[in-house]
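Presented below is the structure to which this report refers.
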Amino acid sequence: MADPNKRLPFNVPGEFFVDRTCIDCDVCRQLAPQTFDQRGEFSYVRAQPRAAEQRRRAWRALLCCPTGSIGALGRNRARTVMQDFPLHLGERVYYCGFNSPKSYGGHSYFIRHPQGNWLIDSPKYLPYLVKRFEEWGGIRTIFLTHRDDVADAHLYARRFHSQRLIHRADRCAQPDAEVLIEGRDPVVLTSDFVVIPTPGHTPGHAVLLYKNRFLFSGDHLWWSRTHQRLSASPDVCWYSWSEQTASMIRLRDVRFEWVLPGHGQWARRPVEVMRRELAGLVDRMRMGRRVSG
Ligand code: SF4
């Protein structure tokens with residue numbers, strides 16, 4: 001829990017506050033945008049939540065903050081709100097919550113699938129989540145988009161005897177992974193799941209396409225709240241921006257309506273909008289225009 005003595009001075013007074021340990025991961029601003037905003041390299045409370053739904057969202061943000069940098073004065077509602085997680089997004093897809101500082105607050109997702117459940121990247125390893133996953137039938141497969149966001153995947157794999165998938169070029173983050181993705185061609189795993197290698201952010205970055213609707217995009221691309229479009233950025237490209245551009249070009253024909261990133265905003269738009277947005281992003285990347293945001 002956050003420390004009131006380290007409270008940032010620009011929080012508005014009231015129930016919620018952010019302290020100086022904030023790492024500016026953006027999670028709270030996504031989950032409770034009416035409450036949290038950005039200032040410099042921190043998030044802060046821009047407006048105290050009033051309506052019940054806004055307060056619930058603020059509590060969700062408190063629970064998901066990877067560094068415990070959000071505090072709340074008064075009655076502790078964490079236990080009640082915890083039950084919202086994993087948070088349903090669409091069809092059988094859920095956002096796990098409880099983002100890990102080991103992945104700099106990266107998102108992770110869960111798919112309840114009749115042939116065995118999937119975890120995409122990893123949340124913190126917590127008894128509460130273990131119990132929920134257990135109730136839902138465990139985890140058969142853990143897909144790791146890239147080496148930065150593996151967090152506690154090995155602990156979930158050990159607990160549920162899951163098979164972990166990661167690209168060979170990012171194997172250093174999970175040396176005992178059970179399945180290695182090779183090369184740059186898409187790998188059709190089942191009729192529902194396709195792994196598409198997308199080197200760039202890291203050498204072994206890969207995205208997962210589920211049912212031609214949900215694209216788990218890791219740190220390859222995300223939805224920009226500011227510009228309301230698909231985005232990527234050389235500022236967070238650790239390996240090769242030219243490779244990332246080439247990977248983005250190879251994604252142009254992929255059909256999807258959800259983008260579910262590791263960092264940045266998730267979003268759902270019609271297929272034709274996503275296709276148009278991706279083409280626009282490729283153009284901006286090719287021409288070296290500003291692409292982030
Ligand atoms: S979730 Fe926590 S660490 Fe991330 S921006 Fe908000 S307060 Fe900062």
Side-chain angles (χ1 to χ4, degrees), residues 1-49 53-74 76-87 89 94-110 120-126 128-129 145 148-152 201 217-219 222-227 231 233 235-236 260-267 292-293:
M1 192 60 123
D3 182 350
N5 296 319
K6 294 182 182 168
R7 184 186 176 118
L8 291 165
F10 29 86
N11 291 292
V12 296
E15 181 183 13
F16 288 91
F17 67 91
V18 177
D19 77 15
R20 284 198 301 274
T21 61
C22 168
I23 58 170
D24 192 25
C25 71
D26 190 51
V27 169
C28 58
R29 303 193 292 267
Q30 286 184 53
L31 293 178
Q34 296 96 341
T35 301
F36 299 97
D37 207 341
Q38 185 179 25
R39 182 155 162 178
E41 295 179 348
F42 298 105
S43 280
Y44 74 106
V45 176
R46 172 171 54 89
Q48 293 291 341
E53 179 57 23
Q54 283 185 15
R55 289 189 70 227
R56 193 166 195 101
R57 285 171 184 253
W59 272 102
R60 287 178 186 162
L62 183 151
L63 286 172
C64 293
C65 174
T67 45
S69 306
I70 301 173
L73 309 171
N76 188 336
R77 298 190 69 226
R79 193 176 287 273
T80 318
V81 177
M82 190 181 278
Q83 289 159 16
D84 292 354
F85 295 99
L87 194 66
L89 297 179
Y94 296 77
Y95 157 59
C96 296
F98 306 100
N99 298 39
S100 172
K102 295 175 188 168
S103 58
Y104 207 82
H107 296 320
S108 60
Y109 304 94
F110 194 87
I120 293 96
D121 291 330
S122 170
K124 287 177 188 165
Y125 189 79
L126 296 176
Y128 168 78
L129 276 181
T145 56
D148 306 339
D149 288 358
V150 301
D152 290 334
H201 176 77
S217 59
D219 292 353
W222 57 88
W223 189 260
S224 163
R225 283 196 303 280
T226 310
H227 300 291
S231 276
S233 173
D235 298 342
V236 287
L260 297 159
H263 298 277
Q265 184 73 47
W266 63 68
S292 58

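Note that this is a predicted model, so its numbers are computed, not measured. For ligands, and for the atoms within them, numbers begin at 1 and follow the listed sequence.
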Any donor and acceptor pair, going by atom type alone, linking the side chain of Q30 with main-chain N or O of G264 inside 3.5 Å?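 Indeed, once roles are kept as given, a pair shorter than 3.5 Å links the two residues.
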Quick one: are S103 and D121 in side-chain contact, heavy atoms under 4.5 Å? no
Check atom 8 (Fe) of ligand 1 and write out every protein N, O or S atom at under 2.8 Å, as residue and atom. C22 SG
Can you name the closest pair of heavy atoms from V18 and N11 and give their distance? O-ND2, 2.9 Å
In terms of ring plane angle, is the pair F98 and Y128 parallel, tilted or perpendicular, where the classes change at 30° and 60°? tilted
Could you go through R57 and D84, starting from their C-alpha distance and side-chain angles, then the distance that decides it, and tell me whether this counts as salt bridge (Lys or Arg N to Asp or Glu O under 4.0 Å)? CA-CA 10 Å; R57 285 171 184 253; D84 292 354; over 6 Å; no
Taking it one step at a time, do S108 and S122 satisfy side chain to side chain donor-acceptor pair (under 3.5 Å)? CA-CA 5 Å; S108 60; S122 170; 6.0 Å; no
